Student: 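Dropping a structure here in structure tokens format, bear with me for questions.
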Amino acid sequence: MQARFAVLGVVSLLSTAQARPVITIHGELPFDERTLGDAVELRIGDGHGPVTVGRDDRGQLIVEAGGRSQTVVLVTSDSQAAARVVAMVVVELVSEPPLERESPLTVARPVSAPDSRFAVRLVPALLRDDSSYTTSMVTGSLRLELSSVLGLVGTIGIGTAVLNNRRDLVFPVRLGLEAMAGSAVGVELGAMTLPYRTTCGDTGSSSGVYGAVRLRVPVGARARAIIEAGGDLMLANNGIASCAGPTWYHAYGGWLGAGVEWSL
């Protein structure tokens, strides 16, 4: 009798394990299959069928369930919170009536919050250079997403360089590529030019290269707080100052800034 109960218990356990729907995750996500499975079953039980979650070639998160798929934007890296968001999307997908298929290979894909390939950034910063200037500046940038890990960034700005009683105007212009390590850290490298106008009325420009490291912290569905540190190295200068002071605006400098970025 005890052997019979033991067999029945094993069969029951196997049936329960087999009844648990298949959760498949492709790529690196904040949660694993078990965490997402628990979140889904808590809301709709085990009758929802297989669920597949992964990223496409643009890095967008795609959730597939109930014969439907939907793009999701995660604004948190917390495992439990991210799993709950995806579980609610699964509930929505399996609760809606089946879609009418135009062909066996064509299924409409509703999008909840489509990602944009463009983002704008505004960053006030403070720069200190080898000529003892302290420059307060504000830069605005436009970023074009080339892939999930690489973006093209154009930047313009304005600033005031102060040295003793001198207050010169500077207009930094940069063009570079930003490589992303996940969604939080970016490293940008590129070329730049620095037109300037001195207190005496002289004008000129320096040109060279720059680099920056940038940290992003989500503060909304499309907004991110920015903290960045960077430096530039000037390789050429075509200005000659007639008033007292260096004829080379600066050879190298470093800046620290904080601002905000929005996806368009």
Side-chain angles (χ1 to χ4, degrees), residues 8-119 143-151 180-184 186 216-224 261-264:
L8 290 175
V10 171
V11 171
S12 176
L13 288 174
L14 290 175
S15 299
T16 301
Q18 292 175 350
R20 184 183 178 106
V22 177
I23 305 290
T24 303
I25 292 179
H26 299 295
E28 296 184 2
L29 294 175
F31 47 79
D32 55 19
E33 286 90 348
R34 182 177 183 83
T35 303
L36 178 58
D38 292 342
V40 171
E41 290 191 38
L42 182 64
R43 288 158 177 80
I44 55 176
D46 58 4
H48 55 77
V51 175
T52 302
V53 183
R55 297 191 183 276
D56 61 14
D57 54 2
R58 291 184 53 195
Q60 295 179 330
L61 184 65
I62 307 297
V63 180
E64 298 182 354
R68 292 174 170 269
S69 63
Q70 186 162 320
T71 302
V72 179
V73 177
L74 291 178
V75 296
T76 177
S77 59
D78 179 75
S79 175
Q80 297 293 334
R84 287 194 295 269
V85 171
V86 174
M88 288 187 290
V89 173
V90 172
V91 172
E92 179 182 349
L93 291 176
V94 301
S95 300
E96 294 180 359
L99 292 173
E100 294 183 3
R101 298 173 179 263
E102 297 179 1
S103 69
L105 298 179
T106 302
V107 180
R109 290 177 176 264
V111 179
S112 60
D115 284 344
S116 170
R117 296 184 62 193
F118 291 93
R143 184 181 190 275
L144 169 62
E145 181 183 289
L146 301 178
S147 70
S148 60
V149 297
L150 190 65
M180 297 294 296
S183 60
R216 292 173 168 84
V217 179
V219 293
R222 297 201 178 268
R224 294 166 291 276
E261 182 181 71
W262 299 270
S263 295
L264 299 179

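Source: prediction; values computed, not measured.
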Student: Decide side chain to side chain contact (heavy atoms under 4.5 Å, CB included) for Val85 and Val72; before the verdict, give the C-alpha distance in whole Å, the side-chain angles of both, and the deciding distance to 0.1 Å.
Tutor: CA-CA 9 Å; Val85 171; Val72 179; 4.2 Å; yes
Student: Which pair of heavy atoms, one from Arg143 and one from Gly151, lies closest together, and at what distance?
Tutor: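 Shortest heavy-atom separation between Arg143 and Gly151 comes out as NH2-N, 3.4 Å.
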Student: Please name the pair of heavy atoms, one in Gln80 and one in Thr35, separated by the smallest distance, quoted to 0.1 Å.
Tutor: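 Reported closest heavy-atom pair: NE2-CG2, 3.9 Å.
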Student: Taking the side chain as everything from C-beta on, heavy atoms only, tell me whether His26 gets closer than 4.5 Å to Val53.
Tutor: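 They are not in side-chain contact.
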Student: With heavy-atom distances below 4.5 Å as the criterion, would you say the side chains of Thr24 and Glu33 are in contact?
Tutor: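 No, every pair of side-chain atoms sits at 4.5 Å or beyond.
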Student: Give me the one residue out of Arg222, Arg224, Glu145 that meets side chain to side chain donor-acceptor pair (under 3.5 Å) with Ser263.
Tutor: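 Single side chain to side chain donor-acceptor pair (under 3.5 Å) partner of Ser263 among Arg222, Arg224, Glu145: Arg224.
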Student: Which pair of non-hydrogen atoms, one from Ser69 and one from Glu64, has the smallest distance, and what is that distance?
Tutor: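 Answer, listing the atom of Ser69 first, then Glu64: CB-CG, 3.6 Å.
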Student: Quick one: closest heavy-atom pair of Leu146 and Arg117, and the distance?
Tutor: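 Looking at all heavy atoms of both residues, the shortest contact is CA-NH2, 4.3 Å.
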Student: Do the side chain of Thr71 and the main chain of Ile62 share a donor and acceptor less than 3.5 angstrom apart?
Tutor: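 Side chain of Thr71 to backbone of Ile62, a donor-acceptor pair under 3.5 Å: no, none is there.
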Student: If you take all heavy atoms of Pro30 and Asp78, which pair is closest and at what distance?
Tutor: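 Heavy-atom minimum between the residues: CB-O, 4.4 Å.
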Student: Please list, chain by chain and in numerical order, all residues satisfying side chain to side chain contact (heavy atoms under 4.5 Å, CB included) with Ala184, sequence neighbours excluded.
Tutor: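 With sequence neighbours excluded, Ala184 shows a side chain to side chain contact (heavy atoms under 4.5 Å, CB included) to Leu215, given in chain and number order.
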Student: With a 4.5 Å cut-off on side-chain heavy atoms, are Arg55 and Gln60 touching?
Tutor: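 In short, these two side chains do not touch, never coming nearer than 4.5 Å.
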Student: Please tell me if the side chains of Val90 and Val63 come closer than 4.5 Å, counting only heavy atoms from C-beta onward.
Tutor: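 Touching, per the 4.5 Å side-chain cut-off.
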Student: What do the steps show when you test Leu150 against Met180 for side chain to side chain contact (heavy atoms under 4.5 Å, CB included), and what is the final call?
Tutor: CA-CA 6 Å; Leu150 190 65; Met180 297 294 296; over 6 Å; no
Student: In Å and rounded to the nearest 0.5 Å, what is the CZ to CG distance from Arg84 to Asp38?
Tutor: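 One gets 12.5 Å once the value is rounded to the nearest 0.5 Å.
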Student: Could you grab the distance from atom OG of Ser79 to atom CG of Leu29, nearest 0.5 Å is fine?
Tutor: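 With rounding to 0.5 Å, OG (Ser79) is 10.0 Å from CG (Leu29).
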Student: Does some side-chain heavy atom of Val73 sit less than 4.5 Å from a side-chain heavy atom of Leu61?
Tutor: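 When only atoms from C-beta onward are counted, Val73 and Leu61 do not touch, as no gap falls below 4.5 Å.
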